[in-house]
Amino acid sequence: DGVARPIEDSAAPIRDNAGNLSGVVLIFRDISERRQAELATARLAQQVKQEQERLAGLIANVPGVVWEAWGQPDDQAQRIDFVSDYVESLLGYSKAEWLAVPNFWLSIVHPDDKEAAAHKAAADFNSGEGGVNQFRWLTKDGQALYCEAVASVIKDAAGQPLGMRGITFDRTERKQAEDARALLTETIRQSEQLYRTLVEQAADGIVLTDRQDNILEANPSICTMLGYRRDEMLGLNIQSLIDQAELPTAMRRLQERGVGEIVTLEGQFRHQDSTLLMLEGKVRQLDDGRSLIILRDITVRKCVERNQQFLSEIEAQINRLADPDEIR
């Protein structure tokens, strides 16, 4: 029917009683199934090779040490049978050094971390679930790297742990960033505490207002100065505390200020008991539209200045009266 089949043939001579060649026996065997099996095996081998190359490429691009070890994670039982090339660039140790020494990973853990790292590795192995282990590795030149090992457990058919495999990442930069953030957070906290202490203890009144001049914060000094409790001052509009006769001038000056510019004002503020106080204020508009106002009671100073001016005028009049030219 024209179908081609692979054939294997063998031949044997036929001889007569005298030993002369009289013919040949030919045996033909159909090897289609064997040839198909060979082709399937070849295809499978090619697929395996491609998968191995793909896996090797993936492992080569993993930014961490890929490893596999068998046995208990201790010096006597564990056998490391695979470690990726990345270990040489990260730590400076060759793959041969890793594979030759049982439990090599633990031998280069920082002395301060070794006991905890060994205990965690054993616990992860015995749990059968694996886990995450954090420790410092020492490079061949003595540098300490903060590392994180993510491992899973290799089990037999009965579910008993046989070994572990995983990836160990260099987390030094992340650890440094976390430490820097923690330091910054603590610095900010201390700065805020210092700022609050300074504000609370300041002799001058300090007020923070929103865009509509409503009071958001008020320190004890301004409360004492104007006779209000803090909870009474919060929410008040600062315009309501300024003497109405001086309000237009004060508001015009405030509206002229730019972001970051400090405006100095003098005006009468009304005490809760309706008495008037002369206050000097320094106002600064913040980037978010709020305003920081520092107020100082200058009532006494203004009284002294007016008295001095009055005395100076009297003295000038006396001097004129004592002047002979003026008498004439």
Does the side chain of R34 come within less than 4.5 Å of E8's, by heavy atoms?
yes
**Asked** Mind checking whether T168 and W105 have side chains closer than 4.5 Å, heavy atoms only?
**Response** no
**Message:** More than 12 heavy atoms of other residues, nucleotides or ligands under 6.0 Å from CD of Q190: yes or no?
**Reply:** yes
**Atom CD of E173: over 12 foreign heavy atoms under 6.0 Å** = no
Heavy-atom nearest pair, D210 first then R290, reads CA-CG, 4.2 Å
Evaluate the criterion side-chain contact (heavy atoms from CB on, under 4.5 Å) for residue pair N126 and Q72; output intermediate values, then yes/no.
CA-CA 9 Å; N126 293 324; Q72 289 274 353; 3.8 Å; yes
Item to complete: Could you tell me whether a side-chain N or O of S22 sits under 3.5 Å from a main-chain N or O of I14, the two making a donor and an acceptor?
Response: yes
(Q) Just so I know, are the side chains of E68 and I154 near enough to count as touching, which here means a heavy-atom distance under 4.5 Å? (A) yes
Only residue of V283, L216, I293, N214 satisfying side chain to side chain contact (heavy atoms under 4.5 Å, CB included) with T209 is I293
- prompt: Are K140 and E97 close enough for a salt bridge, meaning some N to O gap below 4.0 Å?
  reply: yes
So ring-ring contact (aromatic ring centres under 6.0 Å, His included) across residues 137-161, not counting sequence neighbours, yields W98-W137, F135-W137
Query raised in the report: CZ of R189: more than 12 outside heavy atoms within 6.0 angstrom?
Result: yes
- Looking just at side-chain N and O atoms, do D141 and Q143 make a donor-acceptor pair shorter than 3.5 Å? yes
message = Same cluster or not: L90 versus Y93, using hydrophobic residues (I, L, V, M, F, W, Y) connected whenever any side-chain heavy atoms lie under 4.5 Å apart?
response = yes
Residues H271 and T224: closest non-hydrogen pair is NE2-O, 4.5 Å
Distance col, row K114:NZ vs I108:CD1, nearest 0.5 angstrom, shows 9.5 Å
Next item on the list: Give the C-alpha distance, both sets of side-chain angles, the deciding distance and a yes or no for side-chain contact (heavy atoms from CB on, under 4.5 Å) between L241 and I215.
Entry: CA-CA 11 Å; L241 301 175; I215 297 175; 4.1 Å; yes
| query | If we only count heavy atoms from C-beta on, is the S291 to V207 side-chain gap below 4.5 Å? | reply | no
Smallest heavy-atom separation, S32 atom then P6 atom, equals OG-CD, 3.2 Å
Fill in: Min side-chain heavy-atom separation L226-L295 under 4.5 Å
no
Point to revise | Check: F269 and D297 side chains under 4.5 Å, non-hydrogen atoms | key: no
Between the CE atom in M225 and the CG atom in D204, the distance rounded to the nearest 0.5 Å is 6.5 Å
Here the gap from D85 atom CG to S94 atom OG, rounded to the nearest 0.5 Å, amounts to 11.0 Å
Short side-chain to backbone donor-acceptor contact, N133 and A117, under 3.5 Å: yes
Distance col, row I188:CD1 vs L183:CG, nearest 0.5 angstrom, shows 10.0 Å
- Heavy-atom count around R174 CZ within 6.0 Å, excluding the residue itself: above 12? yes
Margin query: When you group the ILVMFWY residues by side-chain heavy-atom contacts below 4.5 Å and let the links chain together, are V263 and L279 in the same group?
Written below: yes
SG (C147) and CG (D113) are apart, to the nearest 0.5 Å, by 10.0 Å
Heavy atoms of V153 and P161 approach each other most closely as CG1-CB, 3.6 Å
Open item on the list: I want to check something: taking the side chain as every heavy atom from C-beta on, are I31 and E38 in contact at a cut-off of under 4.5 Å?
Closed with: no
query = Step by step, would you call S152 with R165 a side-chain contact (heavy atoms from CB on, under 4.5 Å)?
reply = CA-CA 6 Å; S152 60; R165 61 169 63 99; 3.7 Å; yes
Check: Between K175 and E178, does at least one N-O distance fall below 4.0 Å, as a salt bridge requires?
Finding: no
On a heavy-atom basis, the closest approach of K95 and V83 is CE-O, 3.1 Å
Interatomic distance, OG1@T139 vs CG@D170, rounded to 0.5 Å, equals 10.0 Å
| query | Between R296 and E280, is there a side-chain N and carboxylate O pair less than 4.0 Å apart? | reply | no
Exercise for the section: Answer yes or no: does atom CD of E115 have more than 12 heavy-atom neighbours from other residues, nucleotides or ligands under 6.0 Å? Expected result: no
Discussion item. Using only atom types and a distance under 3.5 Å, with no angle test, would you say the side chain of K155 pairs donor to acceptor with the backbone of G128?
Written reply: yes
Is there a donor-acceptor contact under 3.5 Å from the side chain of R211 to the main chain of D288?
yes
Report task. State, yes or no, whether a side-chain contact exists between D124 and E129 at a heavy-atom distance under 4.5 Å. Result -> no
Heavy atoms of A69 and D81 approach each other most closely as N-OD1, 4.2 Å
